[in-house]
Amino acid sequence: MSYKPNNEFNIAIVGAGTLKLTALEAFLPAIALRKKWGFDNFVIYERGADVGGTWRDNTYPGCASDVPIHLYSLSSDLKPDWKNSHGTQPEILEYMREVTDKRGLRKYCSFHTSVDKAEWDATANVWRLEISDVRTGEKHQTRATALISAIGVLVVPSFPKLQGIESFKGEVFHSARWNHDVDLHGKRVGVVGNGSSAAQFVPKISADPTVTVTNFARTPMWYMPSPHVPYSGLTKWAFAYIPFVQRIHRFLITVESEAVFFAFKYKGKNLLSKYFTRASINYIRSKVPAKYHDVMIPKDPYGCKRVVRDQGYLPALNRPNVELTFERISHIEPDGIVTEAGDKVPVDVIVYGTGFVTDNYPMNLRGPRGTLKEYNDAHGGPQAYLGTTVPGFPNFFMMQGTLLTRLLIIAFASSLMTLLGQAPHILDLLAPVRDGVLTSVSPKDSATDKYNDMLQDRLEDTVWSQCASWYRVGSHGRIFSTFPGPLCELWWWLRKPHWEDFEFEGPGAKEWRRRHASSFLAQFGTVALVGALGSLAFASKGSSDGLSDFVDHAGHFVKDVQSWLVQLLAV
Ligand code: NAP
């Protein structure tokens, strides 16, 4: 039976870069749509005046990548002439703009445009979008057959709930919205927070000896060195002109960063974790004044919160104009910060390096069964199928959705791989909609719950279940933003849709179901095989506890290595 292609098929992509991957979340589907389908009936809605997301908004002094810069380039748009092993914010933004122009993507971007609301119209099978011009407030209505969300997690600055915070009379701003009009020369600056952002700007602002910095920290962090090593002219030449040299370099960085993942398994009780813990303690103690030697060693296991890649923060703590305190803040007064011990630190400027609101999806989305917020609340926090689709939200897709942001913790390469896996996955799901066979696709509740239960089960066994962090709902709840295995595993799962896990409607739904029944049979065969192996493992498990642990760990290990190898072949 032949179907009439949907001539009105169009796609709205929301956000031209908000996460660490810069514009890539939005651009990967855009590039794939053009390259694979020759399709360009899509619009990228972006609130800002330009591409860049977090790399456009975060302009604080010292803002730079703390992961190797070669992994910041798309495999289709390599950049052999990065100056150093780690790039600065202006360099990364520049690269993004270059890719945008080279790929001709700027004409698809609707800048200064906020998608305020999206509601699924089940009669017309389209998303009804309410958009507004952020400069004028002017509102418009539009429609899209499919909605791809490229909204990242590090978007909305988070301010601590401190009594009297509004009463402060001096200058005050968040690190993600640095106020460059404020001259810090000769000022007393209170910095709240000691995460990755603060660790980058504290050494920069305190390089001026007239600036007095008091850094209010709450929890000690793990630190590892991450120096900016310059690439020699010869290296850059080799990257540019000798085939595969640059790709091998990226491959090796990928291997290194993915290997780190194994330190996060078994709640951090493993040799690799012990090794990193020792190395980090030695590093901290070798860099900071003796008075901090004990207070700066975290009680949480290594990697539970994001490890801070030190690019000068620890040495800066030796400066006479920098003081670090773990005294908790009690409240803010018009001219200073008061600690719970009753000490008042007079300051002229307060900089909040207090991170981002991460567990709230910043768009009002309503599917046929309710809003995304209601769905998330009913599940104890954000959840999605393969981090990409959500039950009850037809033709809605998330790039770097929940449980996918492991790049923020350890690495980038593998995450890029996930994104590279997500873009074709989305296209595969949308192809029958474009062709008029289906009108809508969304994952089943049962498949999504099963997938997420499995992830939660495995996450329980990782180091991230051991402390409060922004990876968890409300800091202490369910882990929603990290993936419990090498990300190549997810990439492997994404490589082809399992249609039996999806609900779909449309004129060809019945035939589509029948056509994909064969894959259900293949699945059944796999399940039977896994079941047989599982029974064998179970039988061994009964024989002794030691053996059972061994079988469990060996099983996980084999699975990890297997996924890891797949990834290595695919970089
Ligand atoms: P963050 O890691 O969430 O750190 C926030 C900091 O604020 C923590 O130290 C937190 O302490 C502290 N804080 C919050 N409320 C406080 C209070 N009332 N009193 C004292 N301290 C308080 O935020 P971030 O440093 O902006 O980094 C966010 C993410 O951005 C990072 O995890 C990383 O993924 C990314 N990032 C990446 C780069 C890069 O180079 N690629 C650079 C910067 C940031 P607690 O730990 O006690 O909560």
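We count ligands from 1, going down the list as the structure has it; atoms in each ligand are counted the same way. Quantities reported herein were computed from a predicted structural model and do not represent experimental measurements.
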Whether the side chain of His180 engages the backbone of Thr59 through a donor-acceptor N/O pair (distance < 3.5 Å, no angle test) should be reported. yes
Test your reading of the structure: does Lys305 have an N or O sitting under 3.5 Å from an N or O of ligand 1? yes
Using the six-membered ring wherever Trp is involved, compare the ring planes of His86 and His228 and label them parallel, tilted or perpendicular (cut-offs 30° and 60°). parallel
Is any NZ, NE, NH1 or NH2 atom of the basic residue among Asp50 and Arg97 found under 4.0 Å from an Asp or Glu carboxylate oxygen of the other? yes
Per-atom contacts of ligand 1 with Asp66, taking only distances under 4.0 Å to non-hydrogen atoms: 38 (C), 39 (C), 40 (O), 41 (N)
Can Lys291 and Glu323 be counted as an ion pair, charged N to O under 4.0 angstrom? yes
Checking side-chain contact (heavy atoms from CB on, under 4.5 Å) for the pair His174/Phe159: CA distance, chi angles, key distance, verdict? CA-CA 8 Å; His174 191 278; Phe159 287 87; 3.6 Å; yes
With heavy atoms of Phe356 as the reference, note each atom of ligand 1 found under 4.0 Å away. 26 (O)
Just going by heavy-atom distances, which of Gly62, Gly195, Ala176 is nearest to atom 4 (O) of ligand 1? Gly195
Taking only non-hydrogen atoms of Phe159, do any sit less than 4.0 angstrom from ligand 1? no
Within ligand 1, which atoms have a heavy atom of Pro160 less than 4.0 Å away? 15 (N), 18 (N)
Which ligand 1 atoms, with their elements, are less than 4.0 angstrom from a heavy-atom of Gln200? 40 (O), 42 (C)
Answer yes or no: is there an ion pair linking Arg478 with Glu460, defined by an N-O contact shorter than 4.0 Å? no
Contact region, Arg309 to ligand 1, non-hydrogen atoms below 4.0 Å, reads neither
Ring-plane angle category for Tyr471 and Trp464, please: parallel below 30°, perpendicular beyond 60°, tilted otherwise. perpendicular
Any idea which part of Tyr60 is under 4.0 Å from ligand 1, heavy-atom wise: side chain, backbone, both or neither? side chain
Enumerate the atoms of ligand 1 whose separation from the nearest heavy atom of Gly193 is less than 4.0 angstrom. 6 (C), 7 (O), 9 (O), 12 (C), 21 (N)
Applying a 4.0 Å heavy-atom criterion (strictly less than), which segment of Met221 is in contact with ligand 1: side chain, backbone, both, or neither? side chain
Taking heavy atoms and a distance under 4.0 Å, where does Ala64 meet ligand 1: side chain, backbone, both or neither? backbone
Between Lys344 and Asp335, does any NZ, NE, NH1 or NH2 come within less than 4.0 Å of an OD or OE carboxylate oxygen? yes
With no hydrogens and no angle check, just 3.5 Å: does a side-chain donor-acceptor pair link Tyr231 and His249? yes
Are any of the N/O atoms in Thr354 less than 3.5 Å from those in ligand 1? no
The answer for which part of Ser65 has a heavy atom under 4.0 Å from ligand 1 is backbone
Can you confirm whether the side chains of Tyr60 and Gln200 place a donor and an acceptor under 3.5 Å from each other? yes
Please give me the minimum heavy-atom distance between Asp300 and Gln466, naming the atom from each residue. OD1-O, 4.4 Å
Quick check on contacts: which atoms of ligand 1 are under 4.0 angstrom from a heavy atom of Thr219? 45 (P), 46 (O), 47 (O)
Looking at Gly353, which atoms of ligand 1 are within less than 4.0 Å of one of its heavy atoms? 5 (C), 6 (C), 7 (O)
Considering Ser226, Ser197, Cys467 one by one, which has a heavy atom nearer to atom 26 (O) of ligand 1 than any of the others? Ser197
Quick one: does ligand 1 sit under 4.0 Å from the side chain of Val192, the backbone, both or neither, non-hydrogen atoms only? side chain
